[in-house]
Amino acid sequence: MKFIIYILTPILTILLLVIKIEFFEKLIIAIDPDAPLYLTIALVLGSLYVYYINFASPYKKLQTISEKRWDALKKITDSLFKEYKQYGLSFNIMIPRRKYFRLMEPKTPGSKERKFQFGVEVFEVIWTYGNSGVHKDFKLTVNQGLCGSAYKSGVKTSLAYIHGIALNSAQLGNYNLTSDQIEKTKKLIIVVSCPISIEQKSAKDLKDKVVGILNVESNNEASESLVTDVIKQAEFYEKIVYLADIYSRLHI
């Protein structure tokens, strides 16, 4: 790699400049009339090789690593899913994407009318596991729902910033949802949202930044005890934090 960066790339650049100088061009033609063509082909191939080594190849490696992280996450979630099989859990990871404008948040809590917004961040589901939660195409902004609350108030991935509720459709009105969104979530019994944070290097030190949310949901009535029972909740939340932390370490 050092040869490519420090030796081959400068040589190719120098040759490219040299063959464009009239004196050297005549000299090369005097040696062989087809020499400029051969040199051009060599330079093109060399440039493509440098591009592949410096850009295309690392990108492919990153793509492979990125795909493998989902396999790693699934294996860990498999274990948690089996342990809590009787509760019918569903998992998803959401990250915010900034949109130019959206009609999503209600004009008044629980209403069907929605207000027009510029530059709002909308959650996008990038990973799902299980089928007892809301549909992966369910949309809401960072100002809505339990996951919005966890995202905006979260500082890092830890027990201190987990948000969990046992809910019904009436309670969902407290989370800035429209009547349509409440209707789509009315079958849920529990929702638990955990911030996913990564370490970012600032000018002075490392700082945690929340980049997404891990949601755990269920429409199984038995799951309510995972949130309301103090002992069960403590153990359950610890495992959710562990799962969120694993993703943060695999984050690319």
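Owing to the predicted nature of the structure, the values given are computational and were not obtained by experimental measurement.
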Do you know which two heavy atoms are closest between [X] and [Y], and how far apart they sit?
X	Y	answer
N220	S223	O-OG, 2.5 Å
G154	V210	O-CG2, 3.5 Å
K99	V122	CG-CG2, 3.7 Å
L146	I165	CD2-CG1, 4.0 Å
S149	S153	O-OG, 2.6 Å

Got more than 12 heavy atoms from elsewhere within 6.0 Å of [atom1], [X]?
X	atom1	answer
K156	NZ	no
F116	CZ	yes
N131	CG	no
E113	CD	no
K209	NZ	no
E83	CD	yes

Any side-chain heavy atom of [X] sitting closer than 4.5 Å to one from [Y]?
X	Y	answer
V125	D137	no
V192	F236	yes
I190	Y87	no
Y175	V191	no
L89	L226	yes
E217	N92	yes
D180	K112	yes

Legend entry - Criterion side-chain hydrogen bond (donor to acceptor under 3.5 Å, both in side chains) against Q144, the qualifying member of K139, Q181, E105: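 By the side-chain hydrogen bond (donor to acceptor under 3.5 Å, both in side chains) criterion, Q144 pairs with just one of K139, Q181, E105: Q181.
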
Legend entry - Matching residue for D78 among K75, K74, K82 - test: side-chain hydrogen bond (donor to acceptor under 3.5 Å, both in side chains):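 Single side-chain hydrogen bond (donor to acceptor under 3.5 Å, both in side chains) partner of D78 among K75, K74, K82: K74.
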
Inset, instruction - Run through I126, T77, L214 and flag the one making a side-chain contact (heavy atoms from CB on, under 4.5 Å) with Y247. - result: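 Single side-chain contact (heavy atoms from CB on, under 4.5 Å) partner of Y247 among I126, T77, L214: I126.
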
Legend entry - Among I95, N143, V142, the one residue meeting side-chain contact (heavy atoms from CB on, under 4.5 Å) with Y151: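 Filter result, single survivor: V142.
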
Answer yes if [X] and [Y] sit in the same cluster of Ile, Leu, Val, Met, Phe, Trp and Tyr residues linked by side chain heavy atoms under 4.5 Å apart, and no otherwise.
X	Y	answer
V211	V120	no
V155	I198	no
Y161	I93	no
V227	V230	no
I213	L140	yes

I'd like to know if the side chain of [X] reaches the main chain of [Y], judged simply by a donor and an acceptor atom lying under 3.5 Å from each other, with no hydrogens or angles considered.
X	Y	answer
S79	I76	no
Q117	M104	no
S197	T157	yes

Inset, instruction - May I ask you to decide if the ring planes of F91 and W127 are parallel, tilted or perpendicular, using 30° and 60° as cut-offs? - result: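 Taking W127 first and then F91, their aromatic rings sit tilted (interplane angle of 30° to 60°).
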
Legend entry - Distance-only side-chain donor-acceptor flag, S193 / N215, under 3.5 Å: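 On atom types as modelled, these side chains qualify, holding a pair under 3.5 Å.
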
As an exercise, state the distance from [atom1] of [X] to [atom2] of [Y], rounded to the nearest 0.5 Å.
X	Y	atom1	atom2	answer
S179	K184	OG	NZ	10.5 Å
Y237	K239	OH	NZ	14.5 Å
K232	Y84	NZ	OH	9.0 Å

